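Okay, so here's the structure we're looking at.
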Protein chains: 2
Amino acid sequence: MLKSKVDLERAANVLKLLGDKTRLTIIAILKQRECCVCEILEVFDMSQPSISQHLRKLKDAGMVKEERRGQWIYYSLNQQSELYGIIEDILEHVPEQTDKIKLIEKANPTLQCGC
Amino acid sequence: MLKSKVDLERAANVLKLLGDKTRLTIIAILKQRECCVCEILEVFDMSQPSISQHLRKLKDAGMVKEERRGQWIYYSLNQQSELYGIIEDILEHVPEQTDKIKLIEKANPTLQCGC
DNA sequence: TTAAAATATAACTATTTACTTATATGTTAA
DNA sequence: TTAACATATAAGTAAATAGTTATATTTTAA
């Protein structure tokens, strides 16, 4: 099958962004499920601003999109991006992040009350 | 088709290496044709040590292999590497470097005499 | 309308990185 | 065996990067 080509410079930028363990993990998680920032935070041993800054880079590159829902901002892969093809293909070589998803669901940080 | 998975950390390292315009171009060129260092040099406006250092990083990661032939050292993609799958898939999204290959062939730096 | 929660931005810092120039190593040919 | 060529390594440097803490912004709920 013929793949969607991306300008070499743009491709290098995407690869550089994915060439960071934290961001690659975030993208792999978002492939499985949209998440809000506080959910992503559960997965990493890292400050909230650090995660916010990673998400901003991914958003600036067009790789993810955000959607505010009340108090929370949900991030998801931007399937409309011309980069989605290469991202999908890369993720096929990366292990599923099911353990991380489980961590998020166990911590359930968006839970508002116990009822 | 099921793809060869790579440890996330290893994948991030590969992506970081490919996330540099010079190295991504080198890899894309080597996909089309093995090259010696002086041939690769023709393509970039950059010092010889700089190219040598890029090649070393790619070699240290197992992405390329080298073979000395007399005075020249030829570099090529390491098809035996477990990384070859992801590299191939990435390159499918990157434009062919035929113009660069033409540059090399025009300059023909390994030409030893005019006869 | 004020406090708390979720997220973003700003300012700073240590580390990494991609170059450079200078020099060393290995190979060929005179 | 020496000069020229191809390549690698060493050492230094400026810029980029990923984190930190402190603070601002936005939203919800009391």
Side-chain angles (χ1 to χ4, degrees), chain A residues 9 12-27 30 34-61 63-76 104 107-115, chain B residues 8-9 12-27 30 34-61 64-76 104 107-115:
Chain A
E9 189 153 9
N13 275 333
V14 172
L15 297 169
K16 181 184 290 180
L17 285 173
L18 295 180
D20 173 275
K21 207 180 159 185
T22 304
R23 283 191 296 260
L24 184 58
T25 305
I26 290 175
I27 290 286
L30 295 183
E34 61 164 16
C35 288
C36 70
V37 182
C38 64
E39 287 177 325
I40 296 171
L41 254 174
E42 291 294 334
V43 173
F44 300 96
D45 190 18
M46 205 173 282
S47 70
Q48 173 266 316
S50 185
I51 297 298
S52 255
Q53 284 154 14
H54 282 304
L55 288 168
R56 185 137 121 81
K57 286 186 190 191
L58 295 172
K59 206 192 85 187
D60 286 351
M63 296 162 77
V64 306
K65 53 185 193 199
E66 61 176 33
E67 185 197 326
R68 181 178 277 276
R69 273 182 233 149
Q71 185 165 34
W72 296 286
I73 296 175
Y74 281 82
Y75 283 86
S76 56
I104 289 174
N108 198 7
T110 63
L111 189 70
Q112 291 180 92
C113 67
C115 359
Chain B
L8 188 133
E9 188 153 9
N13 275 333
V14 173
L15 296 170
K16 181 184 287 177
L17 285 173
L18 294 181
D20 172 275
K21 207 179 159 187
T22 304
R23 283 190 298 261
L24 184 57
T25 305
I26 289 174
I27 291 288
L30 294 183
E34 61 163 17
C35 288
C36 69
V37 181
C38 64
E39 289 176 325
I40 296 171
L41 254 175
E42 291 294 334
V43 172
F44 300 96
D45 190 17
M46 204 173 284
S47 70
Q48 173 268 316
S50 185
I51 296 298
S52 253
Q53 284 154 15
H54 283 303
L55 288 168
R56 187 137 119 82
K57 287 186 189 190
L58 295 171
K59 205 190 88 187
D60 286 351
V64 306
K65 53 186 192 193
E66 62 176 33
E67 185 197 327
R68 181 178 276 278
R69 277 185 227 144
Q71 188 165 30
W72 296 285
I73 297 175
Y74 280 82
Y75 283 86
S76 56
I104 290 173
N108 198 6
T110 62
L111 188 70
Q112 291 181 90
C113 68
C115 358

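Quantities reported herein were computed from a predicted structural model and do not represent experimental measurements. Below, read A as the first sequence line, B as the second, and so on, with proteins coming before strands; counting in each chain starts at 1.
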Q: Please round to the nearest 0.5 Å and tell me the distance separating atom NZ of B:Lys16 and atom CG of A:Leu24.
A: 11.5 Å
Q | Out of D:dT7, D:dA18, C:dA8, whichever nucleotide has its closest atom nearest the side chain of A:Ser52 | A | C:dA8
Q: Using whole Å, report how far CZ of A:Arg23 lies from P of D:dT17.
A: 9 Å
Q) In whole angstrom, what separates A:Arg56's CZ from D:dA24's P? A) 18 Å
Q: Determine the contact category for B:Tyr74: base if any of its heavy atoms lies under 4.0 Å from a base atom, sugar-phosphate if only primed atoms, P, OP1 or OP2 are that close, otherwise nothing.
A: nothing
Q) Roughly how many Å is it from CD in A:Gln48 to C1' in D:dT23, rounded to a whole number? A) 11 Å
Q.
From the set D:dA10, D:dT17, C:dA6, return the single nucleotide nearest to any side-chain atom of B:Pro49.
A. D:dA10
Q. Which part of the nucleic acid does B:Lys21 contact within heavy-atom distance under 4.0 Å: base, sugar-phosphate only, or nothing?
A. nothing
Q: Assign each of B:Ser47 and A:Arg68 to its nearest nucleotide of DNA chain C by heavy atoms, then name whichever residue's nucleotide is nearer the 5' end.
A: A:Arg68
Q | Interatomic distance, B:Leu58 CG vs D:dA8 P [rounded to whole Å] | A | 12 Å
Q.
Nearest heavy atom decides the nucleotide; on that basis, is B:Ser50 or A:Gln53 closer to the 5' end of DNA chain D?
A. B:Ser50
Q) Taking atom CD1 of B:Ile27 and atom OH of B:Tyr75, what is their separation to the nearest 0.5 Å? A) 11.5 Å
**Q.** 5' precedence on DNA chain C between A:Val37 and A:Lys16 (nearest-nucleotide basis)
**A.** A:Val37
Q: Grab the CG-P distance between B:Leu17 and C:dT16 for me, whole Å please.
A: 15 Å
Q. Expressed in angstrom and rounded to an integer, what is the separation of B:Glu67 atom CD from C:dG26 atom C1'?
A. 16 Å
(Q) Test side chain to side chain contact (heavy atoms under 4.5 Å, CB included) on A:Met63 and A:Leu18; report intermediate values, then the result. (A) CA-CA 10 Å; A:Met63 296 162 77; A:Leu18 295 180; 3.5 Å; yes
Q | NZ/NE/NH1/NH2 to OD/OE distance under 4.0 Å, B:Glu67 and B:Lys65 | A | no
(Q) Whole angstroms only, please: what is the NE2-P distance between A:His54 and C:dT7? (A) 16 Å
Q: Look at the side chain of A:Glu39 and the backbone N and O of A:Cys36, then say whether any donor-acceptor pair between them is shorter than 3.5 Å.
A: yes
Q) Atom CD of A:Gln71 to atom P of D:dA30: distance rounded to whole Å? A) 11 Å
Q) With sugar-phosphate meaning primed atoms plus P, OP1 and OP2, does B:Arg69 contact a base, only sugar-phosphate, or nothing at under 4.0 Å between heavy atoms? A) nothing
Q.
Students often get this wrong, so: under 4.0 angstrom with heavy atoms, is A:Lys59 touching a base, only sugar-phosphate, or nothing?
A. nothing
Q: With heavy atoms under 4.0 Å as the rule, sort A:Glu66 into base, sugar-phosphate or nothing.
A: sugar-phosphate
